[in-house]
Amino acid sequence: MSTMASQQQMVTNSAQMGVQQAAILQQPQTQQQQQQQQQLSQQQDFDPVHRFKMLIPLLKDSLQNVMTIASQNFGHNAAIDNGRTTEKGNDAAVQRFDKSLEEFYALCDQLELCLRLAHECLSQSIDSTKHSPNLVPTATKPDTVQTESLSYSQYLSMIKSQIACAKDIHNALLECSKKIAGKGQGACN
């Protein structure tokens with residue numbers, strides 16, 4: 001039940017944050033400031049690290065709930081084993097351990113997914129900077145010329161080399177699949 005209460009607390013907190021954000025947005029602001037705040041809230045919704053940080057307190061509450069229920073069940077079972085309690089009415093007071101453990105495992109799975117997603121985002125970012133480290137300057141701000149940026153012709157040659165590499169890989173995979181298919185047909189004859 002504490003997990004349910006903590007989830008309700010999280011919904012209440014997010015509702016309060018929404019009210020606070022709405023109050024901030026009602027103040028006279030420029031359109032650009034409003035868009036920046038909306039983008040920030042959207043990034044927090046999809047950011048796996050932010051979601052991970054939000055799930056940690058829920059996981060702690062869930063673990064505490066699992067341990068509490070387990071200790072209650074151990075005490076109840078010990079009382080039954082010692083013959084002190086034979087009433088079936090006490091069985092209703094004992095909470096289901098498997099249900100609380102399932103809630104704990106569900107939160108662990110969500111945390112694992114958040115960590116995997118964060119790791120994948122980091123890997124893609126590293127690969128992106130590795131394979132295309134320099135940016136092409138945009139025409140919208142001609143006065144801010146970047147010293148480390150590529151010219152458009154350099155950018156095109158880099159893209160052409162990447163396309164050629166992708167074609168080579170594609171052709172190699174096709175050749176391998178044909179060889180494997182050829183060996184499979186030869187073995188069937």
Side-chain angles (χ1 to χ4, degrees), residues 1-133 166 169 173 176-177 180 184:
M1 296 252 309
S2 68
T3 303
M4 188 79 94
S6 62
Q7 289 175 346
Q8 289 175 346
Q9 173 95 16
M10 190 170 107
V11 169
T12 305
N13 289 344
S14 63
Q16 289 173 349
M17 287 174 29
V19 169
Q20 290 172 351
Q21 288 176 349
I24 291 171
L25 290 176
Q26 289 176 355
Q27 296 174 355
Q29 297 176 341
T30 65
Q31 184 70 16
Q32 184 179 10
Q33 289 174 334
Q34 290 176 350
Q35 288 176 352
Q36 288 175 349
Q37 287 178 350
Q38 288 174 352
Q39 288 174 350
L40 180 62
S41 67
Q42 288 174 353
Q43 286 174 352
Q44 288 177 347
D45 291 342
F46 297 114
D47 184 20
V49 175
H50 178 72
R51 177 130 172 87
F52 179 84
K53 288 178 181 179
M54 288 176 46
L55 287 174
I56 289 295
L58 295 176
L59 184 71
K60 288 180 182 178
D61 291 342
S62 179
L63 180 61
Q64 183 179 11
N65 188 31
V66 166
M67 294 299 166
T68 303
I69 291 172
S71 83
Q72 289 173 355
N73 286 351
F74 278 131
H76 179 73
N77 289 339
I80 290 174
D81 289 343
N82 292 332
R84 288 184 272 171
T85 305
T86 57
E87 299 176 14
K88 297 294 180 186
N90 279 347
D91 289 342
V94 177
Q95 296 180 8
R96 293 196 48 182
F97 176 73
D98 58 343
K99 189 173 184 177
S100 62
L101 190 62
E102 186 65 32
E103 289 176 11
F104 176 76
Y105 281 139
L107 284 171
C108 287
D109 289 342
Q110 288 180 18
L111 286 171
E112 182 183 4
L113 288 174
C114 287
L115 289 175
R116 285 184 183 189
L117 181 60
H119 183 264
E120 185 66 28
C121 290
L122 178 65
S123 297
Q124 287 183 1
S125 175
I126 289 170
D127 288 343
S128 176
T129 56
K130 177 182 173 184
H131 297 295
S132 181
I169 292 171
L173 289 173
C176 287
S177 67
I180 291 172

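Numbering of residues begins at 1 and proceeds along the displayed sequence. Basis for what follows: all heavy atoms, side chains included, without hydrogens, waters or symmetry-related copies.
- By the side-chain contact (heavy atoms from CB on, under 4.5 Å) test, Y105 is found to be paired with L101, residues two or more places apart in sequence or in another chain being considered.
- We find the CG-CG distance between L59 and L107 to be 6.0 Å, quoted to the nearest 0.5 Å.
- Looking at residues two or more places apart in sequence or on another chain, you find no side chain to side chain donor-acceptor pair (under 3.5 Å) involving E102.
- Expressed to the nearest 0.5 Å, how far CG of L55 lies from NZ of K53 amounts to 13.0 Å.
- Side-chain contact between Q72 and H76: absent, with no pair of heavy atoms (C-beta onward) separated by less than 4.5 Å.
- In this structure, CG in L58 is found 8.5 Å from CD in Q110, a value given to the nearest 0.5 Å.
- With sequence neighbours left out, L115 forms a side-chain contact (heavy atoms from CB on, under 4.5 Å) with F52.
- Taking both residues in full, the closest heavy atoms of C114 and R51 are given as SG-CG, 3.5 Å, listed atom of the first, atom of the second, then distance.
- Residues meeting the side-chain contact (heavy atoms from CB on, under 4.5 Å) test with A118, sequence neighbours left out: P48, V49.
- Going from atom CG of D127 over to atom CG of L122 covers 9.5 Å, rounded to the nearest 0.5 Å.
- Applying the salt bridge (charged side-chain N to carboxylate O under 4.0 Å, His left out) test to every pair with at least one member in residues 115-125, sequence neighbours left out, gives these pairs: E112-R116.
- For D98, the side chain to side chain donor-acceptor pair (under 3.5 Å) partners at least two apart in sequence or on another chain are R96.
- T68 contributes a side-chain N or O that, together with a main-chain N or O of Q64, makes up a donor-acceptor pair within less than 3.5 Å.
- Nearest approach of I69 to F97, heavy atoms of both residues: CG2-CA, 3.8 Å.
- Considering only residues two or more places apart in sequence or on other chains, C121 meets the side-chain contact (heavy atoms from CB on, under 4.5 Å) condition with L117.
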